[in-house]
Amino acid sequence: MVTEKENLDVFVWRGLAETGRFERYEVPAQDSQTILDVVSWIQQNLDATLAYRFACRVGMCGSCAMMVNGEPRWTCRTHVRKVLRGNQLKIAPLRNLPVIRDLATDMDPFFDKWVAAEGHHHPTRTRDDAIEALDPQSPERRAANAGIECINCAVCYAACDTVANNPDFLGPAALQRAWTVHNDARDGDQPAILEAVSGKGGCHNCHSQGSCAQYCPNDLNPMTAIAGLKRASVKSFFKRER
Amino acid sequence: MAPRIDIQHHDTDILILGSGGAGMFAALHAQQSAPEGTRITMAVKGLIGKCGCTRMVQGGYNVALGGGDTVERHFMDTIRGGKWLPDQDVAWKLCEQAVVRVRELENEVGCFFDRNPDGSLHQKAFAGQTADRTVHKGDLTGIEIINRLMEQVLSRPIEKLQEHRAVGLIPTKDGAALAGVLFIDMRTGDFRFVRAKAVMMGTGGGPTMYKYNTPSGDKSMDGLAMALRAGLPLRDMEMVQFHPTGLLAGEHTKMTGTVLEEGLRGAGGQLLNGAGQRFMFDYDTLGERATRDVVSRGIYAEMRKSNTSQNGGVFISMAHLGPDVVRQKFPGMVKRCADCGFDLAGGLVEVVPTAHYFMGGVIVDPDTHTAMEGLYVAGEDAGGAHGSNRLGGNGVANSTVYGGVAGDVMGAEIRGMGALRDPDEDILSAEVERALGPLSRKPSDLNALRRELQEAMWEDVGVMRTREGIERAITRISDVQSDLHETGVAGDTRAFNLGWHDWLNLASLCDVSEVIAKAALARENSRGAHFREDFPDSGSLPASYFTVAQRSDKGLSVTRKPVRFTIVRPGETILPEGEPQTLVEAKP
Amino acid sequence: MIRPHRTHPLWLAYFLHRLSGLVLALFLPLHFYVISLALTQPERLDGFLRWTEMPVVKLAEVGLVFLLAVHIFGGLRLMALEFLPWSGRQKTLAASALAVSFFVSLTFFLRAV
Amino acid sequence: MLDARLYMLQRITALIMAPLALGHIAVMIYAIQGGLSAAEILSRTQGSLFWFAFYGLFVLAVSVHGAIGLRVIIYETFGMRALLLNGLSWIIGAIFLLTGMRAVLAVTLS
Ligand SMILES: Cc1cc2nc3c(=O)[nH]c(=O)nc-3n(C[C@H](O)[C@H](O)[C@H](O)COP(=O)(O)OP(=O)(O)OC[C@H]3O[C@@H](n4cnc5c(N)ncnc54)[C@H](O)[C@@H]3O)c2cc1C
Ligand code: HEM
Ligand code: SF4
Ligand code: F3S
Ligand code: FES
């Protein structure tokens, strides 16, 4: 607890992935203070060139994720009190992504995989057609809804060791998106999705480590989604064989 | 001495600034309508789809989809909400095309909006609307809209320039048309000049020059500041919408200013002053359920009486509804507050009015044309659709509708356009120099300047305004401005140098703040979001005027122009005779 | 190795599964070799089997059985997760798989001594 | 690196082995009491078509399963790619199969 207003001992990663190092800063503790506030305070008061990224500051845009004391987190909604160890914080760029500088990562690989997993709608109707009436309680719709609120923050991507060890692996978020689209009754190309997630970086590489579900700040469960894809791909495998 | 700067050159055909609702739709529609082989480039200050405010839309999307509701009714609500100031042709197209756009969002883009048990779209009524009209996805509508659009854009051959900050609209030598846009590649700090035949600007305004504000951190009025420098006329610049309940948690945290949902008041949330008393009924018979502007003014008045909470705001209290009920009804809000250390369900949370949306913007026609050939503007950067006040749910409808329109129009008009135009090199290098300025000066305290600007705007051009206050603000703004131009930033590296971008943000904010203040001075009545204590009257409706601000060699001018009632006149309606006032059942 | 993001049950279950698979795979050729001694030199096999009577070796054997059990039940859990349409309570399942493995290897142990 | 095909093979072999391996443990638990001897083992298994099929299938499955499993581990730990990885996987599978079959033959057919 930080009741008496003392300084936090903050170690921040500076520089590139290979050549960087942690640097120590002292930041005044406050009652209402998020990790993002700590990082901003350093940038605004101690070193204006500290590179980091945020946008919405309320957990909607998914651009502020970093490693905090070794765990991936959305920093704008992580209260300092929740993660403080002793009086220390260790803040590093999100794992498993190329580092641009300091705390800013290049998220392109994450989104390239999102697209590679066919994580987008394949339309069956046009803007001239009426909107399809759909039972919100049908099992497929519920399965689709389960993963729909992903904010693509890449926290799961950073938590997953398979992503770390297997550069081709599409990763939990992209696969979860593919599963969501696959379950959407309006989608017109389910075979393409299954094809996309059955390649050498596909869903079958997931070892159900569950770190994705453990860390997803929105309590989503990509592990279950990926299991769904495995099941669906096996089913279609047998159908084709017949 | 700054070293001589190389400018990298890049060409495209259609250039889109911003990846909000406006930018995304412009890209998709341009791709559908432009001739084969047209190069389309999207340049954004952040990452595609992960910046801007469209993503932050909570409540939803206004669209008349039948069931008694009509485009006419949506239009009338928009005009009445805007207190007769909207450009009626622009507002009409907004309401009309929203119907198509929402079908496109569902059917082609793949958004899934909440359904009724019978499978039809669920629509609710936002304040100020006479029908259940707002389509939504829980209270995270913007995430659904932008994520789906993002996937579509990323999976198409659209060139991406991410973390590219536009710093100047560069005209041709004769000034007749736009040649291209100058950017800073934020990751490397290099300058990049991108020529394009057609440019759509959708940088989304963003009134972040106020002490309390809701928008995304990347927004700093860059677009309007660029338009101003390019000499384009801007309208309704005094119109800043405040949301009554922004979270108040102290100056040191970015949580301060973020929106606590409108629905909290609708559901019976009570506003309490520092002494723990309800006060909204002192200001309006509807109490907490009055419209945004009224409640904001009520809170502001209470704050002025110093009846405040610790941090200088008021409290919102939900506990009397039963903490479990609150938790169940507003799970997202409760969780968000809890993450930040506040107990919304059972305790008191401090709130304050917070600058939310900017109604003013570049003057456009219903096809998004501007006064400059080759430049198209859509979304929050464009003025006219909302007049003096925006209905909740019309913001995202506006950006998606007009982004799409811009894409279609650019795709069609580019066929008739000749070669790429060459820039006025003098203006180009002047813009580079302007941007480089702070790097060659001694660094000093930007925070103090930002704070002073935000205080000045909040105190003197905020929720309630007077001539005296506004004039004071104009002086304060110009002081900040001149201090800013003496202030430098650390420049050991230009790559991802946020200090540098802070400076540029502040420069844009100062420029636009001056316009807001001067336009506020020019409007001597009270309409919608603009409230003058010295002119509390709304003025004659038939004689309604809007303000036009424009910068030229002679400086900034603000003039008044009469509103043209092209579709409906004050006091009249286009609804058929005998239509009920409202289709929304009064809630207990 | 045990970094903060790995300190939760499902990751540990994954790790145990990998470890057991690896050890089994390395042990297996050895096991096969010893067995095939029966073909060529039965007396050496007996010698070997006597050697396995030693407590340390016994314990190692129990360990192997344990790992085999862990791997089987862990594998069954994984396949249940993948193929059966149920999702919740994976942590409980992982713990149960481990418990069953303990039970099996304990039985083996008790019989062996 | 697992595509759908290798994944299916690994899961199918796992499913085949599950009862076999459990059976094997059960036999062990039963047999180990009072110590093991070559003669004891051989008396149970020698000439038995059942045990030949039982262990033969086991060895077949485990060769495929283990080779794929090690392949994944090698790939993820050492980043070995393409040809080398494929070659190694086949060699590993072959070692399992050869040593395994020899053992099965030793205890059942000789
Ligand atoms: C918290 C919140 C809640 C809201 N809720 C609702 C609601 O419920 N309903 C509703 O209708 N409206 C709502 N709005 C308003 C709505 O979000 C906006 O009206 C609308 O989304 C604006 O869209 P846009 O495309 O114009 O801009 P934005 O979505 O803001 O996008 C602007 C884009 O421009 C980029 N950009 C900015 N500057 C530059 C530059 N210099 N160079 C390059 N790119 C730049 C940004 O990075 C961003 O990508 C809400 C707004 C906020 C802040
Ligand atoms: C006794 C012989 C066995 C050996 C040598 C063996 C070996 C292996 C190896 C090395 C792996 C790779 C581990 C990894 O990828 O992390 C593996 C994975 C696996 N094994 Fe086995 N195994 C054996 C028996 C079984 C049995 C009987 C089952 C069935 C219940 C089984 C089920 C699995 C499953 C499901 C996986 C995949 C794990 C994943 O992808 O994460 N194995 N095995
Ligand atoms: S699944 Fe969760 S952790 Fe992963 S990107 Fe989506 S929101 Fe982030
Ligand atoms: S953490 Fe990785 S291994 Fe699978 S279950 Fe999640 S994707
Ligand atoms: S800043 Fe948008 S999620 Fe944190």
Side-chain angles (χ1 to χ4, degrees), chain C residues 17-53 58 61-62 64-69 71-80 82-83 100-101 104-113, chain D residues 7 10-15 17-42 45-46 55 58-59 62-63 65-74 76-77 92-93 95-110:
Chain C
H17 193 77
R18 171 157 288 193
L19 193 70
S20 56
L22 185 62
V23 172
L24 288 175
L26 296 180
F27 157 81
L28 216 55
L30 216 74
H31 182 63
F32 288 153
Y33 170 74
V34 168
I35 297 292
S36 36
L37 288 179
L39 188 63
T40 46
Q41 299 152 287
E43 57 301 336
R44 271 193 62 197
L45 177 60
D46 269 330
F48 181 82
L49 289 175
R50 258 193 307 284
W51 178 68
T52 62
E53 294 293 303
K58 268 257 135 66
E61 270 187 342
V62 173
L64 271 173
V65 171
F66 172 65
L67 286 181
L68 179 60
H71 194 80
I72 295 171
F73 291 110
L76 287 173
R77 174 189 72 90
L78 281 173
M79 288 189 286
E82 288 171 349
F83 299 132
V100 175
S101 313
V104 169
S105 42
L106 195 69
T107 316
F108 181 81
F109 177 70
L110 291 178
R111 300 278 291 189
V113 287
Chain D
Y7 166 87
Q10 205 194 27
R11 296 307 189 261
I12 289 170
T13 50
L15 281 176
M17 278 189 297
L20 299 181
L22 285 174
H24 183 62
I25 294 182
V27 171
M28 287 292 92
I29 289 178
Y30 164 78
I32 198 167
Q33 212 165 23
L36 279 172
S37 72
E40 191 192 329
I41 296 174
L42 290 175
T45 55
Q46 204 128 49
Y55 284 115
F58 196 128
V59 164
V62 88
S63 305
H65 180 92
I68 296 175
L70 288 180
R71 172 195 165 90
V72 172
I73 295 180
I74 291 168
E76 289 189 5
T77 319
I92 292 171
I95 293 176
F96 277 137
L97 196 63
L98 290 178
T99 56
M101 276 332 240
R102 210 163 83 103
V104 173
L105 291 177
V107 293
T108 56
L109 289 192
S110 60

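Remember, predicted model here, so these are calculated numbers, not experimental data. Chain identifiers are assigned alphabetically (A, B, ...) following the order of the sequence lines, protein sequences preceding nucleic acid strands; residue numbering begins at 1 within each chain.
Heavy atoms of D/Y55 lying under 4.5 Å from chain C are absent altogether.
To the nearest 0.5 angstrom, D/I73 atom CD1 is 9.0 Å from C/L19 atom CG. Remark: C/M79 CE to D/Q10 CD distance equals 9.0 Å, nearest 0.5 Å. Rounding to the nearest 0.5 angstrom, the gap separating the CZ atom in C/F66 from the CD1 atom in D/I25 is 11.5 Å. The OG1 atom of D/T77 sits 8.0 Å away from atom CG of C/L22, with the distance rounded to the nearest 0.5 Å. From D/M17, atom CE reaches atom CD1 of C/I72 across 8.5 Å, with rounding to the nearest 0.5 Å. C/F32 contributes atom CZ, which lies 9.5 Å from atom CE of D/M101 (distance to the nearest 0.5 angstrom).
Annotation for C/S36 and D/A106: closest pair CA-CB, 3.7 Å, computed over non-hydrogen atoms. Between C/P29 and D/T99 the shortest heavy-atom distance is CA-OG1, 4.2 Å.
Contact of the D/R11 side chain with the C/L78 side chain is not registered, since no non-hydrogen atoms from C-beta on lie closer than 4.5 Å.
Residues satisfying the side-chain contact (heavy atoms from CB on, under 4.5 Å) test with D/A67, not counting sequence neighbours, are D/I92.
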